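The shown structure was predicted, so the numbers you read here are calculated from the model rather than taken from an experiment.
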Amino acid sequence: MELLSGADMIARFLQDEGVEYIYGYPGGAALHIYDALFRQDKVKHILVRHEQAATHAADGYARASGKPGVVLVTSGPGATNAVTGIATAYMDSIPMVVLCGQVMSHLIGDDAFQETDIIGVTRPIVKHSFSIKHPTEIPEVLKKAFYLAATGRPGPVVVDIPKDMTAPTERYEYVYPKKVKLRSYNPVARGHTGQIKKAVEMMLKAKRPVFYTGGGVITGRACEGLTDLVKRLGYPITTTLMGIGAYPQSDRQCLGWLGMHGSYESNMAMHHADLIIAIGARFDDRVTNNTSKFCPTAKIIHVDIDPSSVSKTVRADVPIVGPAASVIDEMISLVQGKEIAHPEALAEWWQKIDGWREERRGKLYEPSKPGEQLKPQEV
């Protein structure tokens with residue numbers, strides 16, 4: 001049996017969880033945790049100059065690695081400075097665990113020095129939040145925080161830690177929890193087979209189909225499967241800003257971004273499509289603009305791991321709740337050996353798209369002549 005203080009439990013848990021980096025800025029309410037981090041050398045602390053930078057750095061680490069980014073800030077202004085980065089991670093579905101120091105538990109509610117209800121402040125922009133009530137809770141609560149942040153639709157989780165929960169003078173038994181189970185949280189492991197079959201039937205019969213893919217394909221590690229599926233069908237594909245890289249941007253089938261920042265051909269293709277296959281995208285207003293006029297002739301297949309995102313802003317004709325990777329893999333197995341129903345219509349559809357491409361290129365600029373300065377569009 002190993003006896004550790006609450007602060008040392010946090011440092012040990014981060015090691016046992018395989019955390020490489022923690023991004024933060026010290027302050028009084030978090031000093032015991034900083035002392036514990038100083039006494040070990042496995043988890044590297046990245047010192048920032050402002051807590052917002054800590055959350056943005058952890059966000060970037062999570063996007064690049066696929067692992068939850070970890071943040072450590074102090075109470076009050078330290079925690080509130082982290083809010084913008086937490087909100088960014090929430091909107092973009094980025095896994096993050098934010099450890100916030102807090103005033104001593106007996107002072108909570110007394111407007112103590114640098115006391116802020118960070119649980120209340122961040123409630124609309126976190127996937128979940130916890131407040132430590134006793135040091136013995138720390139290992140289990142942190143395990144739940146990491147599990148929630150990384151599974152289902154990823155997102156940030158805030159853990160509020162009163163300073164007396166990390167006091168170095170009090171020691172308790174530490175056991176690393178290898179598993180965690182939350183009775184009320186059961187993320188979907190695969191999509192509904194009947195709905196996927198229905199979607200594939202529609203995909204094979206479509207005359208003017210378009211794939212509309214977002215960040216969920218990247219966070220769901222479904223890029224290879226998506227590329228395989230799109231290549232098999234020969235359909236055009238558009239991506240959101242968050243979905244860039246989910247499919248090779250230089251490939252002929254890729255029409256680029258869509259929406260108000262997107263290309264002419266991608267928006268024209270979406271508007272005139274008869275079927276939209278949306279995967280890991282949430283029909284953001286930057287894409288849809290006026291939803292009553294969005295893709296008026298299209299049936300919509302919507303694949304998303306988050307049930308609350310499906311039919312939220314645009315009604316899906318075939319809703320599929322499930323991880324992008326498993327749903328795409330099942331679609332590929334159903335498409336194998338099948339022929340599309342209207343190859344001549346697809347050829348006409350590509351002619352139309354290529355026409356829009358040429359129209360866009362013609363409107364952008366007249367190529368410079370030898371000896372002339374290059375135009376910004378050419379560059």
Side-chain angles (χ1 to χ4, degrees), residues 1-27 29-48 51 53-75 78-79 82 85-86 89 94-102 118 126-151 154-168 170-180 182:
M1 183 175 70
E2 189 174 15
L3 298 178
L4 297 175
S5 69
D8 286 317
M9 283 186 189
I10 292 169
R12 177 64 62 81
F13 177 88
L14 295 175
Q15 293 177 22
D16 292 343
E17 190 68 12
V19 172
E20 296 177 289
Y21 303 100
I22 185 167
Y23 303 84
Y25 192 85
L31 280 185
H32 295 324
I33 304 172
Y34 270 94
D35 287 340
L37 288 172
F38 179 74
R39 289 191 291 269
Q40 58 83 51
D41 58 5
K42 289 184 180 177
V43 182
K44 296 179 177 65
H45 178 268
I46 309 297
L47 178 67
V48 295
E51 291 84 359
T55 47
H56 286 320
D59 178 303
Y61 170 83
R63 291 176 197 246
S65 70
K67 303 174 186 176
V70 186
V71 175
L72 175 58
V73 296
T74 191
S75 62
I86 295 171
I94 304 302
M96 184 186 293
V97 176
V98 184
L99 308 178
C100 296
Q102 182 57 280
I118 197 62
V126 295
K127 188 173 178 182
H128 197 66
S129 50
F130 296 94
S131 183
I132 300 294
K133 301 293 193 297
H134 194 274
T136 55
E137 297 178 357
I138 288 172
E140 186 179 358
V141 167
L142 291 183
K143 189 68 178 178
K144 288 178 180 178
F146 276 81
Y147 175 66
L148 284 165
T151 56
V157 176
V158 163
V159 183
D160 198 35
I161 309 172
K163 189 172 183 180
D164 51 322
M165 299 297 112
T166 60
E170 299 176 23
R171 295 177 178 273
Y172 304 90
E173 182 182 355
Y174 170 79
V175 178
Y176 172 70
K178 293 182 179 178
K179 292 183 180 179
V180 65
L182 295 165

- Report the residue from Ile46, Val158, Val98 that forms a side chain to side chain contact (heavy atoms under 4.5 Å, CB included) with Val71. Val98
Mind listing the closest non-hydrogen atom pair of [X] and [Y] along with its distance?
{"X": "Pro26", "Y": "Leu47", "result": "CD-CD1, 3.7 Å"}
{"X": "Val159", "Y": "Ala145", "result": "CG2-CB, 3.9 Å"}
{"X": "Gly66", "Y": "Pro95", "result": "O-CG, 4.4 Å"}

- Mark yes or no for whether Gln40, through its side chain, and Val43, through its backbone, hold a donor-acceptor pair below 3.5 Å. yes
- Query: Distance-only, no hydrogens or angles: does the Lys44 side chain make a donor-acceptor pair with backbone N or O of Ile22 under 3.5 Å?
  - Reply: no
Can you tell if the side chain of [X] reaches within under 4.5 Å of the side chain of [Y], non-hydrogen atoms only?
{"X": "Lys67", "Y": "Glu20", "result": "yes"}
{"X": "Tyr147", "Y": "Leu182", "result": "yes"}
{"X": "Phe146", "Y": "Val70", "result": "yes"}
{"X": "Glu173", "Y": "Val175", "result": "yes"}
{"X": "Leu37", "Y": "Leu72", "result": "yes"}
{"X": "Glu51", "Y": "Val48", "result": "no"}
{"X": "Ser75", "Y": "Asp160", "result": "no"}
{"X": "Val157", "Y": "Val126", "result": "no"}

- Message: Among Glu17, Arg12, Glu140, exactly one meets side chain to side chain donor-acceptor pair (under 3.5 Å) together with Tyr176. Which residue is that?
- Response: Glu17
Measure the spacing between [atom1] of [X] and [atom2] of [Y] and express it to the nearest 0.5 Å.
{"X": "Ile138", "Y": "Lys133", "atom1": "CD1", "atom2": "NZ", "answer": "12.5 Å"}
{"X": "Met165", "Y": "Ser131", "atom1": "CE", "atom2": "OG", "answer": "8.5 Å"}
{"X": "Leu3", "Y": "Tyr172", "atom1": "CG", "atom2": "OH", "answer": "10.5 Å"}
{"X": "Met9", "Y": "Arg171", "atom1": "CE", "atom2": "CZ", "answer": "9.5 Å"}
{"X": "Gln102", "Y": "Thr166", "atom1": "CD", "atom2": "OG1", "answer": "11.5 Å"}
{"X": "Ile132", "Y": "Asp164", "atom1": "CD1", "atom2": "CG", "answer": "11.5 Å"}

- Message: Does Gln15 form a side-chain contact (heavy atoms from CB on, under 4.5 Å) with Val19? I'd like the steps, not just the answer.
- Response: CA-CA 6 Å; Gln15 293 177 22; Val19 172; over 6 Å; no
- Can you check whether Phe13 and Tyr174 have ring centres sitting under 6.0 Å from each other? no
- Message: Using the ring pair (Phe, Tyr, Trp, His ring centres under 6.0 Å) definition, which of the options Tyr21, Tyr34, Tyr23 pairs with His45?
- Response: Tyr34
- Does a side-chain N-to-carboxylate-O contact under 4.0 Å join Asp16 and Lys178? no
